[in-house]
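Following: one structure in structure tokens, then a few remarks.
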Amino acid sequence: ISGVVILPFEKYNLNRILKKGTNGEDVKQLQKELKARGYNIGKSGIDGKFGNNTFKATKNLQKDTGLKLVDGEVGKDTSHKSLAWKYKNE
């Protein structure tokens with residue numbers, strides 16, 4: 001995937017940082033996006049729970065899209081640069 005321009009699966013407005021332990025519809029949206037781009041989100045699939053597999057997939061996305069900070073969290077940089085989402089109503 002590295003070096004490839006990735007178009008967003010769906011525009012989304014993220015209102016909080018997503019990280020291990022967060023749950024909800026926004027995590028489901030992230031998991032849908034990761035899965036659509038070919039990242040492994042584990043056997044539990046799109047369940048809205050940010051666990052180890054979503055964490056690993058997010059880190060791979062960050063790495064593949066050239067982010068300097070590869071931390072497995074989805075905040076402003078990852079939402080803008082890797083996902084083309086809006087962050088906190090920007």
Side-chain angles (χ1 to χ4, degrees):
I1 296 177
S2 186
V4 175
V5 174
I6 300 173
L7 298 176
F9 173 72
E10 186 174 323
K11 291 288 185 187
Y12 192 75
N13 192 7
L14 185 63
N15 291 306
R16 63 180 177 151
I17 293 174
L18 304 181
K19 58 186 177 182
K20 269 187 170 180
T22 55
N23 301 311
E25 289 300 314
D26 47 5
V27 176
K28 278 187 180 180
Q29 186 63 36
L30 171 63
Q31 291 169 329
K32 286 180 193 177
E33 185 96 24
L34 291 167
K35 187 174 180 180
R37 293 173 185 221
Y39 292 98
N40 179 4
I41 58 169
K43 290 181 182 180
S44 49
I46 300 167
D47 61 1
K49 297 176 183 175
F50 199 123
N52 286 329
N53 291 312
T54 301
F55 176 75
K56 289 175 192 173
T58 300
K59 283 182 76 170
N60 287 330
L61 172 73
Q62 291 170 327
K63 188 174 95 176
D64 291 345
T65 55
L67 289 184
K68 290 179 183 176
L69 180 61
V70 177
D71 61 359
E73 295 184 2
V74 179
K76 186 175 182 178
D77 283 347
T78 302
S79 62
H80 280 182
K81 296 175 184 172
S82 298
L83 297 167
W85 289 356
K86 291 184 178 181
Y87 183 70
K88 293 191 178 183
N89 298 313
E90 291 180 318

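Basis for what follows: all heavy atoms, side chains included, without hydrogens, waters or symmetry-related copies.
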Next item on the list: State, to 0.1 Å, how close N60 and Y39 come at their nearest heavy-atom pair, and which atoms those are.
Entry: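 Closest approach of N60 to Y39, heavy atoms only: CB-CE2, 3.7 Å.
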Next item on the list: For K32 and K35, run side-chain contact (heavy atoms from CB on, under 4.5 Å): C-alpha distance rounded to whole Å, both residues' side-chain angles, the deciding distance at 0.1 Å, then the answer.
Entry: CA-CA 5 Å; K32 286 180 193 177; K35 187 174 180 180; 5.9 Å; no
Once you round to the nearest 0.5 Å, how far does [atom1] of [X] lie from [atom2] of [Y]?
{"X": "T65", "Y": "L83", "atom1": "OG1", "atom2": "CG", "answer": "7.5 Å"}
{"X": "I41", "Y": "E33", "atom1": "CD1", "atom2": "CD", "answer": "11.5 Å"}
{"X": "L34", "Y": "L61", "atom1": "CG", "atom2": "CG", "answer": "6.0 Å"}

Checklist line | Verify same cluster id: L30, V70 (apolar side-chain graph, 4.5 Å) | finding: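 L30 does not cluster with V70.
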Can you give me every donor-acceptor pair (side chain of residues 50-59, partner residue at least two apart or in another chain, under 3.5 Å) with its distance?
| from | atom 1 | to | atom 2 | distance (Å) |
| --- | --- | --- | --- | --- |
| N52 | OD1 | K20 | NZ | 2.8 |
| T54 | OG1 | Q31 | NE2 | 3.0 |
| T58 | OG1 | T54 | O | 2.8 |

Next item on the list: Kindly indicate whether the side chain of K28, heavy atoms from C-beta on, has any atom under 4.5 Å from the side chain of E25.
Entry: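 Yes, their side chains come closer than 4.5 Å.
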Note to self: What I'd like to find out is whether the side chain of L18 reaches to under 4.5 Å of the side chain of D26, using heavy atoms alone.
What the structure shows: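 Contact flag for L18/D26 side chains = yes.
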Item checked: Side chain T22, main chain K19, donor-acceptor under 3.5 Å ->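 Answer holds: yes.
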Check: Considering residues at least two apart in sequence or located in another chain, which fulfil the side chain to side chain contact (heavy atoms under 4.5 Å, CB included) criterion with D71?
Finding: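 D71: side chain to side chain contact (heavy atoms under 4.5 Å, CB included) contacts with Q62, L69, E73.
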